[in-house]
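None of the values given here were measured: they were computed from a predicted structure. One is the number of the first residue; the rest follow in order along the sequence.
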Amino acid sequence: MVNNRTLFTILLTVLAVIFGLFKLWCLITQLKTMTLEDDTSDVLAINQTEINSTAPKFKDLDYVDRVMVGYERNTIKLKCEAEGNPLLNITWYKDGVTPPQRQWGVIIYTQRAIILHNLTMEDSGTYKCKVINENGFIDFTYKVEVQKADQKPYIEWLYHNTSFKNVNDTNLNDGIIIKDSNSSSNESIIAELLKLIDVTHLNEGWYTCKAILKNNTVYASVYLKAINIPKNKVFKLKVYHSITMVISYELIILACVIMILHRQKKKKELMARQSDGNERITQWTKKIVIEKLKKTDVNEYSIMQNCWNDNPNNRPKFNEVMKIFNKIVSKTAYLDSVGLRIPQPPTPPPVNKIHSTQQPELNL
């Protein structure tokens with residue numbers, strides 16, 4: 001039999017499931033709408049791209065230093081940022097040979113750059129990236145100089161605000177020093193690494209790393225531009241997060257309901273086993289009603305007290321008890337109605353034939 005508590009739990013679970021499914025349906029509907037809009041915009045962009053067929057060109061390479069200085073066991077990254085339509089084919093050369101070869105280690109290729117880990121002196125040389133499509137080709141050349149690791153340069157990080165169009169030898173020292181080797185004396189802080197947290201539009205500008213070794217100074221600059229995340233991407237993240245939360249919520253509720261129902265089932269089974277055992281005990285137990293002994297007969301009550309006397313010597317003898325029982329049987333017919341008549345005991349042997357001089361006692 002289902003009680004009120006179980007009914008309330010089931011009703012609450014059903015309502016929660018219905019609410020979760022409704023919310024999930026709303027989120028999926030909005031996601032489909034945005035996906036359709038994105039697909040439409042992608043189609044328009046593709047059509048526009050097919051119309052605007054252009055030759056390859058580099059992006060912001062005017063601000064990239066052609067001389068790259070690295071140190072042994074460090075890492076260097078050579079970029080080849082280009083754009084054009086149709087798709088571009090990028091080929092890398094080292095000292096006029098393609099693909100570039102290393103005596104120690106491998107070269108990691110990305111879409112618009114190559115990365116060299118654990119530099120050695122043999123990695124020094126001229127690296128060129130050549131960009132080609134059906135409308136033309138362009139190339140850009142780096143000169144890589146690998147120096148010994150025991151020669152540690154003095155490093156400064158400078159910031160130039162957005163009023164500077166670029167960073168060159170003329171305005172290099174006009175920037176604000178935001179980090180240098182002295183501030184990076186702690187082993188956990190790497191001087192070559194500049195880390196910005198919670199970037200906003202106020203952080204826009206030029207960031208320049210300047211390395212000074214003896215009389216040589218090299219530097220490389222990069223422009224940081226802060227952009228806002230499109231609302232549709234933020235919404236998609238919220239949608240996926242909400243869907244995950246709804247599914248997790250439904251699974252938790254389902255697990256709780258299963259646990260409650262399982263516990264109630266176990267409790268019912270235990271109660272059923274106990275009830276079955278009690279019925280079996282009641283079925284095989286004979287009920288005998290024993291009336292309370294009344295104090296109206298002094299002999300009956302006194303024989304009971306005397307038989308339980310603490311001193312065995314004061315307890316009545318067996319013959320005395322039998323005489324009193326015979327009187328009780330003659331006075332009442334109750335014992336005859338339940339078939340408990342006490343038969344007459346055999347006549348005891350004469351006293352002179354008993355070796356013991358003491359009469360037998362009745363210990364009840």
Side-chain angles (χ1 to χ4, degrees), residues 54 56-71 74-84 88 90 92 108-117 119 123-124 126-131 138-147 151-186 188-230 233:
T54 58
K57 64 178 181 178
F58 290 114
K59 298 191 307 182
D60 300 331
L61 277 186
D62 294 338
Y63 312 116
V64 177
D65 195 348
R66 293 180 177 269
V67 179
M68 305 291 290
V69 179
Y71 296 91
N74 287 348
T75 299
I76 194 170
K77 182 176 182 180
L78 306 179
K79 296 182 179 181
C80 188
E81 296 288 345
E83 59 185 7
L88 304 176
I90 299 178
W92 285 92
I108 300 176
Y109 289 87
T110 64
Q111 187 176 4
R112 293 289 187 270
I114 59 173
I115 302 174
L116 287 75
H117 294 292
L119 291 173
D123 292 322
S124 299
T126 301
Y127 292 80
K128 181 176 70 173
C129 71
K130 187 175 183 180
V131 184
I138 53 177
D139 59 64
F140 188 87
T141 303
Y142 291 95
K143 183 179 180 181
V144 176
E145 297 179 0
V146 180
Q147 300 179 1
Q151 301 177 354
K152 294 184 178 180
Y154 178 79
I155 295 177
E156 290 182 346
W157 281 94
L158 299 99
Y159 170 72
H160 297 74
N161 57 30
T162 55
S163 61
F164 292 85
K165 294 183 179 181
N166 55 28
V167 177
N168 49 42
D169 296 340
T170 304
N171 58 14
L172 174 62
N173 296 323
D174 294 338
I176 301 174
I177 299 176
I178 56 178
K179 183 180 179 181
D180 57 18
S181 298
N182 294 330
S183 61
S184 305
S185 58
N186 191 347
S188 60
I189 302 177
I190 303 175
E192 294 85 351
L193 177 64
L194 179 64
K195 186 176 182 180
L196 302 177
I197 302 176
D198 296 333
V199 175
T200 64
H201 290 282
L202 298 177
N203 300 110
E204 288 189 3
W206 292 94
Y207 291 85
T208 304
C209 178
K210 183 174 71 172
I212 303 173
L213 181 62
K214 296 182 179 179
N215 296 326
N216 296 325
T217 300
V218 293
Y219 63 90
S221 302
V222 62
Y223 186 83
L224 174 64
K225 184 177 181 180
I227 60 174
N228 295 323
I229 301 177
K233 293 185 179 180

Query - Residues which pass side chain to side chain donor-acceptor pair (under 3.5 Å) with Y159, listed by chain and number, not counting sequence neighbours - result: none
Requested in this report: Looking only at non-hydrogen atoms, find the nearest pair between V146 and S124 and report the distance.
Outcome: N-OG, 2.9 Å
Requested in this report: Please list, chain by chain and in numerical order, all residues satisfying side chain to side chain donor-acceptor pair (under 3.5 Å) with D198, sequence neighbours excluded.
Outcome: none
Query raised in the report: Who passes salt bridge (charged side-chain N to carboxylate O under 4.0 Å, His left out) against K210, sequence neighbours left out?
Result: E156
Requested in this report: Write down the atom of C209, the atom of I155, and the distance for their closest heavy-atom approach.
Outcome: SG-CG2, 3.8 Å
**Report entry** Non-neighbouring partners of S163 that pass side chain to side chain contact (heavy atoms under 4.5 Å, CB included), sequence neighbours left out
**Finding:** N161
Query raised in the report: How long is the span from the CD1 atom in I108 to the OG1 atom in T75, to the nearest 0.5 Å?
Result: 8.5 Å
Query raised in the report: Taking the side chain from K57 and the backbone from I138, do they hold a donor-acceptor pair closer than 3.5 Å?
Result: no
Requested in this report: Determine yes or no for a side-chain-to-main-chain donor-acceptor pair under 3.5 angstrom, with H160 supplying the side chain and L172 the backbone.
Outcome: yes
Report summary line: Sequence neighbours excluded, the answer for side chain to side chain contact (heavy atoms under 4.5 Å, CB included) partners of I76 is M68, L78, L116, L119, V144
**Report entry** Closest non-hydrogen atom pair between E192 and W157, with its separation
**Finding:** O-CZ2, 3.4 Å
Query - Residues that T110 engages under side chain to side chain contact (heavy atoms under 4.5 Å, CB included), provided they are two or more places apart - result: A113, I115
Query raised in the report: Mind checking what makes side chain to side chain donor-acceptor pair (under 3.5 Å) contact with E145, not counting sequence neighbours?
Result: none
Report summary line: When every non-hydrogen atom of Y219 is compared with those of V167, the smallest separation belongs to CE1-O, 4.2 Å
**Report entry** Flag, side chain of W92 to backbone of I114, donor-acceptor distance under 3.5 Å
**Finding:** no
Requested in this report: Flag yes if more than 12 heavy atoms outside I227 fall under 6.0 Å of its CD1 atom; otherwise flag no.
Outcome: no
Report task. Quick one: list whatever passes salt bridge (charged side-chain N to carboxylate O under 4.0 Å, His left out) with K77, sequence neighbours left out. Result -> none
Query - Shortest non-hydrogen contact from L158 toward G175 - result: CD2-O, 3.9 Å
Query - From CG (D180) to CD1 (I212), nearest 0.5 Å - result: 10.0 Å
Query raised in the report: Looking only at atom types and distance, does a side-chain atom of N171 sit under 3.5 Å from a main-chain N or O of N166, one as donor and one as acceptor?
Result: yes
**Report entry** For E204, all residues meeting side chain to side chain contact (heavy atoms under 4.5 Å, CB included), sequence neighbours excluded
**Finding:** T162, H201, Y223, K225, A226
Query raised in the report: Considering only heavy atoms from C-beta outward, does the side chain of C80 approach that of Y127 to under 4.5 Å?
Result: no
Query raised in the report: Do F140 and K79 come within less than 4.5 Å of each other through their side chains, counting heavy atoms only?
Result: no
Query raised in the report: Excluding sequence neighbours, so at least two apart, what forms side chain to side chain donor-acceptor pair (under 3.5 Å) with T126?
Result: none
Report task. Locate the shortest heavy-atom distance separating S221 from T208; write the atom from each residue and the value. Result -> OG-OG1, 2.7 Å
Report summary line: Across all chains, not counting sequence neighbours, the ring pair (Phe, Tyr, Trp, His ring centres under 6.0 Å) partners of Y154 are none
